[in-house]
Amino acid sequence: MSVNNKEKAKSAANKPAIMGEDVDLTKFTREAAPLKYQTDPSKLSVATKKKMLEAGVMLDNPDQRTGTFIQIDNTPVHSSVKQEGVEVMPVSQAIQKYDWLGDYYWKAVNVDTDKYTASVELGQNDGYFIRTTPGTKTDFPVQACLYLSKAKLAQNVHNIIIAEENSELHIITGCTTALGNEPGMHLGVSEFYIKKGAKITFTMIHGWNPEFAVRPRTAAIIEDNGLFLSNYVLMKPVKTIQMNPIARCNGENATARFNSVLVSTPGSNMDVGSRVYLNGKGSRTEIISRAITTGGYITARGYIEGNAPEVKGHLECRGLLLENKGAIHAIPELKGTLPGIDLYHEAAVGKIAEEEVEYLMARGLTREEATATIVRGFLRVDIEGLPQMLNEELKRAIKDSEKDLM
Amino acid sequence: MLEITDLKVAIEGKEILHGVNLSIKSGETSVLFGPNGSGKTTLLMTIMGFPRYRVTGGSISYQGKDVTHATLDERARLGIGISFQRPPVVRGVKTRDMVLASLKDKNQTEMVNSLAGKTDLLDFLDRDINHGFSGGEIKRSELMQLLAQQPEMVLLDEPESGVDLENISLIGRLINELLQKSSPMHGRNSMGLIITHTGHILEYVNARNGYIMLDGIISCQGDPREILNEIKARGYEQCAKCTFRSAQNVC
């Protein structure tokens, strides 16, 4: 990490983010006791494994995982990989192994974006490095878990993910906590590099608590014919989350797709969006978000900028208010800088239409059953390009959380 | 048996039905004619129990039970079913979900594919219900759901509208199956009330009684084909005159 980055970070140490409420970082500590490395992660406690499983991370039966990375608080407690051509390790280890890795640090995300990126640079507590070598395709997804067990800890992680040319990498990552109602903070910088003809699918499931503050900072750079597919699910309470991942489709025919499913319970404040820059000829994107409030606040953002010929972008944001409290603020934005581009958006926020409820009731469903069926349908995600197994896992995670919603 | 007595119904404070009397016995099918805005759909929706249609007088009795104030889902579970003229699109809810939700016997999930085959909708099971469906596809989808639900009182709101000639005979066959027309009348449990503008459906479905609704009252009763011929020959206006002879209640 260069001195230059440190200097930039210091200059941004008190810079508030341009979106979301300001979080006082002095209320959190960066210090946590080192933890023991676990050669066999199935030996973690039953309670820990249960929490991780809720976020999609399987430790008892990892047959359907190509690799596993687990970080608890500040310590990577396990990393392993089963397939040649796939690398999974703590980023601190990777930087020792590859002197070129510095070239990927803070290239997709600006270190001085705000005080949260600065905090990660100045007080980084590891993170993961996942890479596929050219031409390698993962048989099963790599799983990664960032887990907090110490109250008032701000976990500062920096993740680097690289899919080399013509490789294919599927990742499922769960970020969650053992803390019931105690405060904590997750600061995670993730930089994705998708080389020519490569593909990354990144499925992230968050499970926090009503006192948690979360500030992920994510960006992806996609080269010619590359694909970045990001799926995000947050259906558990959180005090405040603000994230606005960026995809730069720099290559010709590069593609970025974002799908997000958000449920905001009373007391939760979510400001979640996606930004895509279509800089390569023929690049394309689709941003789809589904937001439900049962009393919390959601700002659902979407931004597409078309800067090259023959680009296409579609932004869809749908919000559903289930109670007479809370709010959903949809902010879809499009910007075109030259003729011949094709960008459009659709946004809708409202209650469940009574006409739809009655339609189902006319088939014999009670009002509650009809409402539940419509909500389930609203949250249904069928994601093109995601392996069937991950699609099923995503559906299961959403279904499990629906129980709390109904 | 469905027995409607002196039924008065208002929508948003405005009375639409002004005292309707109608009875349908098990095994019988009746047809309701009438111009746009005469109250036909209001009558069907009120029988089904949609809350927007407020009963301000009279009663609805079904199988000997007063259902005038029963909820929509209660009536569905008692055996009343409706085919909507313009059902809503419900995004994310698949056609398959609707058929499963409609199934009278919830364990018979294997019936879904056979019902979809029968209604020529196998390719639609995993599509959002009614999203991008043509007029004919909507009608077949509605009938597929009713075949799953197996109601004894079948309410059909213009089952032939928007259906091309090729599909109308299929619609007719499906309605006949719903109404158990292949069984002798004394062996049928089902009864039907069909709204039709054009009367085309009568070429495929036999009905015992025809009614004309004008301005929120039943003005005329008789053989459905004769009534249809009368309407074709003279229009609804003549039927309005018939109102004056409604002491016999026969045109």
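The analysis underlying the following values was restricted to heavy atoms, covering all of them including side chains, and did not include hydrogens, waters or symmetry mates. Naming: A, B, ... by sequence-line order, numbering from 1 per chain.
Between A:Ala362 and B:Ala76, the shortest heavy-atom contact is O-CB, 3.4 Å. Across every non-hydrogen atom of A:Thr373 and B:Val93, the tightest pair is O-CG2, 3.6 Å.
Checked against side-chain contact (heavy atoms from CB on, under 4.5 Å), A:Glu333 has the following partners two or more places apart in sequence or in another chain: A:Tyr303, A:Ile331. Listed by chain and number, the residues in a ring-ring contact (aromatic ring centres under 6.0 Å, His included) with A:His314 are A:Tyr344 (sequence neighbours excluded).
For B:Lys104, no part lies under 4.5 angstrom from a heavy atom of chain A. Contacts between B:Leu146 and chain A at a heavy-atom distance below 4.5 Å involve the side chain alone, from C-beta outward.
More than 12 non-hydrogen atoms from other residues, nucleotides or ligands lie less than 6.0 angstrom from CZ of B:Arg96. The 12-atom threshold is exceeded at CG of B:Asp105, counting heavy atoms of other residues, nucleotides or ligands nearer than 6.0 Å.
Atoms CD1 and CG, on B:Ile129 and A:Leu360 in that order, are 9.0 Å from each other to the nearest 0.5 Å. Summarising the geometry, atom CZ belonging to A:Arg367 is positioned 8.5 Å from atom CG belonging to B:Asp73; distances are rounded to the nearest 0.5 Å. A distance of 11.0 Å separates CZ of B:Arg75 from CE of A:Met361, quoted to the nearest 0.5 Å.
Most heavy-atom pairs under 4.5 Å with chain B: of the set A:Glu369, A:Arg318, A:Arg290, this distinction falls to A:Arg318. In terms of heavy-atom pairs under 4.5 Å with chain A, the best-connected choice from B:Met98, B:Glu74, B:Arg52 is B:Met98. Contact count against chain A (heavy-atom pairs under 4.5 Å) is highest for B:Pro51 among B:Pro51, B:Gly49, B:Ala148, B:Pro151.
Considering only heavy atoms from C-beta on, B:Pro88 stays 4.5 Å or farther from A:Glu358 through its side chain. Side chains of A:Tyr359 and B:Asn130 form a contact here, defined as non-hydrogen atoms less than 4.5 Å apart. When side chains are defined from C-beta on, B:Arg77 counts as touching A:Thr366, because their heavy atoms get closer than 4.5 Å.
Between B:Asp97 and A:Arg380, at least one side-chain nitrogen of the basic residue sits less than 4.0 Å from a carboxylate oxygen of the acidic one, meeting the salt-bridge criterion. Between A:Arg363 and B:Glu142 there is a salt bridge, since a side-chain N of the basic residue sits under 4.0 Å from a carboxylate O of the acidic one.
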